[in-house]
Amino acid sequence: MTVSRGPPGRPGASSGLLGCWRRRPPLGFGAKVSIAIALGLSFAIIWTSLSPTSSSQQISTERSSFAADIVDPPPASRNHSTITTSGGHRKPSPTSSHSHKKQHSPSGSHRPNATASPDTTAAKADHAESSPRTDQKPAEKEPEPETEAEAEEEQEQEKEAELPMPEDSGDGKAPEEEVEKAPELEVDELSEGDGYGEEAEEGQKKATKKRKKLPPLFSSSAHYHWKHCSTKSGHHYIPCVDFDGDGSQRHHERSCPRSPVRCLVSLPKEYKTPAPWPERKEKVWYGNVGHPRLSSYVKGHSWLNRTGDYLMFPPVEWEFKGGSRHYVESIDEMAPDIDWGKNIRVVLDIGCKSAGFGVALLEKDVITLSLGLMNDQTDLAQVALERGIPATVGSLGSKRLPFPSGVFDAIHCGDCNIPWHANGRKLLLEMNRILRPGGYFIISSKHGDLESEEGISASMTALCWNAIAYNSDDVSEAGMKIFQRPPSNEIYDLRATKDPPFCKEDQNKAPAWYTLIRHCLHKAPIGIEERGSEWPEEWPKRIETFPEWLGDLQTRVESDHKHWKAVVEKSYLDGLGIDWSNIRNVLDMRAVFGGFAAALASKKVWVMNVVPVHAPDTLHIIYELGLIGVYHDWCEPFSTYPRSYDLLHADHLFSRLKDRCKQPVSIVVEMDRILRPGGWAIIREKLEILDPLEKILKSLHWEIVMAFRKDKEGIMSVKKTTWRP
């Protein structure tokens, strides 16, 4: 017998409940399953309503709020919501989801507006090609997503345009209405590859939690002990060109040391400050550039001679008889359409020797960039830089030159003995890439090698380049040919053979940093909204004309130029203690739209504009305005000789690097290498970087001539001394 007991105090309840329970039929299997499913769905609905936003939603919210906090673009720039970087990275600005969808074209490229140039938007396709890493170099740390706290720091950097100079009571900044309306620096902040590129997007998908704030770029407690570089090349050492420890050999192509360079390049024993321009154009101190190979070269050439302590360059002498002026006049007679200093402004001179071609064109208001080849152990490009002639060091090998596509008005190769038609015409294909559609290729030779000329002519025919003139000059004893790249694509349809083939759409012509030369032919732009479809304005109107293909960037480029014009004229020229009469070679280490260089265009200086490879690709805009520059990664040494520049300009360079470089102090070491003794550096930075940076510069015995701080921003004017450890 089973006895059932109910709850105490309710004696009759248990029997009644028991009877009721016994009368209910048992639940079937289907009913039990239905109840279980209903309970599960109810639990899922309750959990979803109480759980935090999903990872993807969180990322989208953080990015939009970051952009909204940083910038409030003017009405003229509202439509500009995406800027594509040279490496394919981009940052969105605060736009609605509807407008964001409109940014994507069918091909997957991202345009800042409906009429922007493909050069501004084409980098994504070849992101792997444009990587600044080589197989020899260890992989660097991938950027991580930024936090909102760091975004606030970025917002503080936006105020750097408002940093006044003590000498002019704040007039060194752009006009007040321009600071509010013209986001010339805000464009750069929004577009910089600092944790908001495609790599960072992947990192955000993996990590929903905010990471800790990065440590300071430079440690304030660090102590620096310097030593000389123990290399045989001594005071001529170029880290990515010379074999380490052996100055007698050089790499065929750029190859940097595995570890960042932390040693100091020694000075020549008899180093002296170069003469002011234009005196230095005619003579330089031999002790500044001299070495045994150069001494032997001088003895066999009449266009330069050693007179006492000087290396002299007689104006009437050159590689070709008759001098460089006669040579340029011969080109004028052969091709009347070439109007130096008007429609021809930017020229590349390959195989730098005397740089006399560039010197002759300077008189015609043409800026000629001499390309010294890495295998030239006479170091004539160093001599050109010492004279104040624009020059850089590169190689004609398997990789592209560090220039944008379609930017040079003319390319010159005078007796350079380069096998243009060899190796599947790859070198000519690279010339076709960097030469502007309709641009001129001028080649000359003393020897008149018929077989070589026939090979070149056949190669030019394959590229559909038009041979517009040929001349054998009795005075210079040189044979000269002038070719022109087709300004349009119609002529390509007439080719008998399709070799070289056209490049595919995914074979982007924009990347030019450690990028292999492709055996294919890039077509000329055809749409009026594309850069290169029309020739730029004549110089000097060219530097003041912002073409239509810029789209919404047009206003930003113009604002950038206005800002730097005000800064240079009201602060830099008088307020920093710099003697500009001794300044000729200038390097802008982080150029955006070339505004700093444009502000100095009327001065007796030339500016090499460097667009970092992790920044937005704006170098083609700089060339379009009649200026010159290169791509570079400041985590590596620069492709130039020691003591190349008289002035370095670093506007928030270090704060843009963040954790890209393993040892950021190596950038300061590189600045010490490429700046001559007595040269100047203008550094604008956040105080958290500027203060420890000042300590590093003092350890190098640089003179802090002027330092000014306001809020979280500062500026320093520093001067390098002759001190060596």
Side-chain angles (χ1 to χ4, degrees), residues 224-274 280 284-299 304 306 308-311 352-353 370 372-389 391-395 585 587 636-646 648 663 665-679 699-702 720-725:
Y224 300 94
H225 304 280
W226 307 107
K227 62 179 181 179
H228 278 132
C229 297
S230 56
T231 58
K232 291 185 179 180
S233 50
H235 48 264
H236 301 285
Y237 179 48
I238 309 177
C240 296
V241 174
D242 297 323
F243 278 107
D244 288 345
D246 188 353
S248 62
Q249 299 184 47
R250 288 184 170 172
H251 297 287
H252 295 294
E253 294 188 298
R254 180 180 172 86
S255 180
C256 297
R258 292 181 179 271
S259 300
V261 178
R262 293 285 300 272
C263 59
L264 304 182
V265 175
S266 59
L267 291 179
K269 294 181 179 179
E270 301 178 358
Y271 183 83
K272 297 180 181 179
T273 302
R280 68 190 288 184
V284 300
W285 294 103
Y286 179 79
N288 291 3
V289 295
H291 57 81
R293 290 191 183 91
L294 179 61
S295 179
S296 300
Y297 187 87
V298 169
K299 295 176 181 178
L304 74 171
R306 185 175 177 181
D309 294 335
Y310 289 102
L311 194 61
C352 175
K353 291 188 178 179
S370 296
L373 301 181
M374 291 172 57
N375 58 6
D376 172 27
Q377 297 191 7
T378 311
D379 297 325
L380 294 177
Q382 184 181 27
V383 177
L385 286 164
E386 190 72 13
R387 296 176 65 188
I389 310 301
T392 187
V393 180
S395 64
N585 302 352
L587 179 70
E636 302 179 1
F638 195 57
S639 293
T640 193
Y641 292 90
R643 305 170 301 280
S644 293
Y645 290 95
D646 305 317
L648 307 179
Q663 299 183 26
V665 71
S666 63
I667 304 169
V668 185
V669 174
E670 180 63 3
M671 293 173 67
D672 181 86
R673 186 184 74 88
I674 64 179
L675 184 64
R676 67 167 175 83
S699 73
L700 291 167
H701 293 252
W702 284 30
K720 178 182 173 182
T721 65
T722 57
W723 177 85
R724 295 289 91 176

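All heavy atoms count here, side chains included; hydrogens, waters and symmetry mates do not.
- Remark: Leu380 CG to Ile389 CD1 distance equals 13.0 Å, nearest 0.5 Å.
- Qualifying ring pair (Phe, Tyr, Trp, His ring centres under 6.0 Å) partners for His228, counting only residues two or more places apart in sequence or in other chains: none.
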Verdict with supporting geometry, Tyr271 and Thr722, side chain to side chain contact (heavy atoms under 4.5 Å, CB included): CA-CA 9 Å; Tyr271 183 83; Thr722 57; 5.5 Å; no
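- Using modelled atom types, no side-chain atom of Ser395 and backbone atom of Met374 make a donor-acceptor pair closer than 3.5 Å.
- Residues Asn288 and Leu311 fail the side-chain proximity criterion, which asks for heavy atoms closer than 4.5 Å.
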Test log, rule side chain to side chain contact (heavy atoms under 4.5 Å, CB included), inputs Lys353 and Asp376: CA-CA 9 Å; Lys353 291 188 178 179; Asp376 172 27; over 6 Å; no
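- Judged by distance alone, with hydrogens and angles left aside, the side-chain atoms of Arg387 form no donor-acceptor pair with the main-chain N or O of Val284 at under 3.5 Å.
- Between the side chain of Asn585 and the backbone N or O of Asp646, no donor-acceptor pair lies under 3.5 Å.
- Here the shortest heavy-atom pairing between Ala384 and Cys352 reads CB-SG, 4.0 Å.
- A side-chain donor-acceptor contact under 3.5 Å links Glu670 to the backbone of Phe638.
- Counting all heavy atoms, side chain and backbone alike, Val265 lies closest to Pro642 at CG1-CG, 4.1 Å.
- Applying the 6.0 Å contact sphere to CD of Glu270 captures no more than 12 heavy atoms from other residues, nucleotides or ligands.
- Under a 3.5 Å cut-off, the side chain of Trp285 and the backbone N or O of Thr273 do form a donor-acceptor pair.
- A search for side chain to side chain contact (heavy atoms under 4.5 Å, CB included) contacts involving Ser259 returns nothing, not counting sequence neighbours.
- Between Thr640 and Thr392, every side-chain heavy-atom pair lies at or beyond the 4.5 Å cut-off.
- Remark: Arg724 engages Asp672 in a salt bridge, criterion side-chain N to carboxylate O under 4.0 Å.
- For Glu636 against Cys256, the heavy-atom pair with the smallest separation is OE1-SG, 3.5 Å.
- Under the 4.5 Å side-chain criterion, counting only non-hydrogen atoms from C-beta, Arg673 is in contact with Pro239.
- The main-chain N or O of Val289 is never found under 3.5 Å from a side-chain atom of Arg643 such that the two would form a donor-acceptor pair.
- Inter-residue side-chain proximity for Leu700 and Tyr224 is flagged as unmet; no heavy-atom pair is nearer than 4.5 Å.
- Checked against ring pair (Phe, Tyr, Trp, His ring centres under 6.0 Å), His235 has no partners two or more places apart in sequence or in another chain.
- Thr378 and His291 get closest at one heavy-atom pair: O-NE2, 3.3 Å.
- Counting only N and O atoms by type, the side chains of Asp379 and His236 include no donor and acceptor under 3.5 Å apart.
- At least one side-chain heavy atom of Trp702 sits under 4.5 Å from a side-chain heavy atom of Leu675.
- The side-chain heavy atoms of Ser230 and Cys263, taken from C-beta on, include no pair separated by under 4.5 Å.
- Heavy-atom minimum distance, Trp226 versus Pro725: O-CB, 3.5 Å.
- Within 6.0 Å of NE2 in His252 there are 12 or fewer heavy atoms belonging to other residues, nucleotides or ligands.
- Atom OH of Tyr641 is separated from atom CD of Gln382 by 6.5 Å, given to the nearest 0.5 angstrom.
- Under a 3.5 Å cut-off, the side chain of Arg676 and the backbone N or O of Lys272 do not form any donor-acceptor pair.
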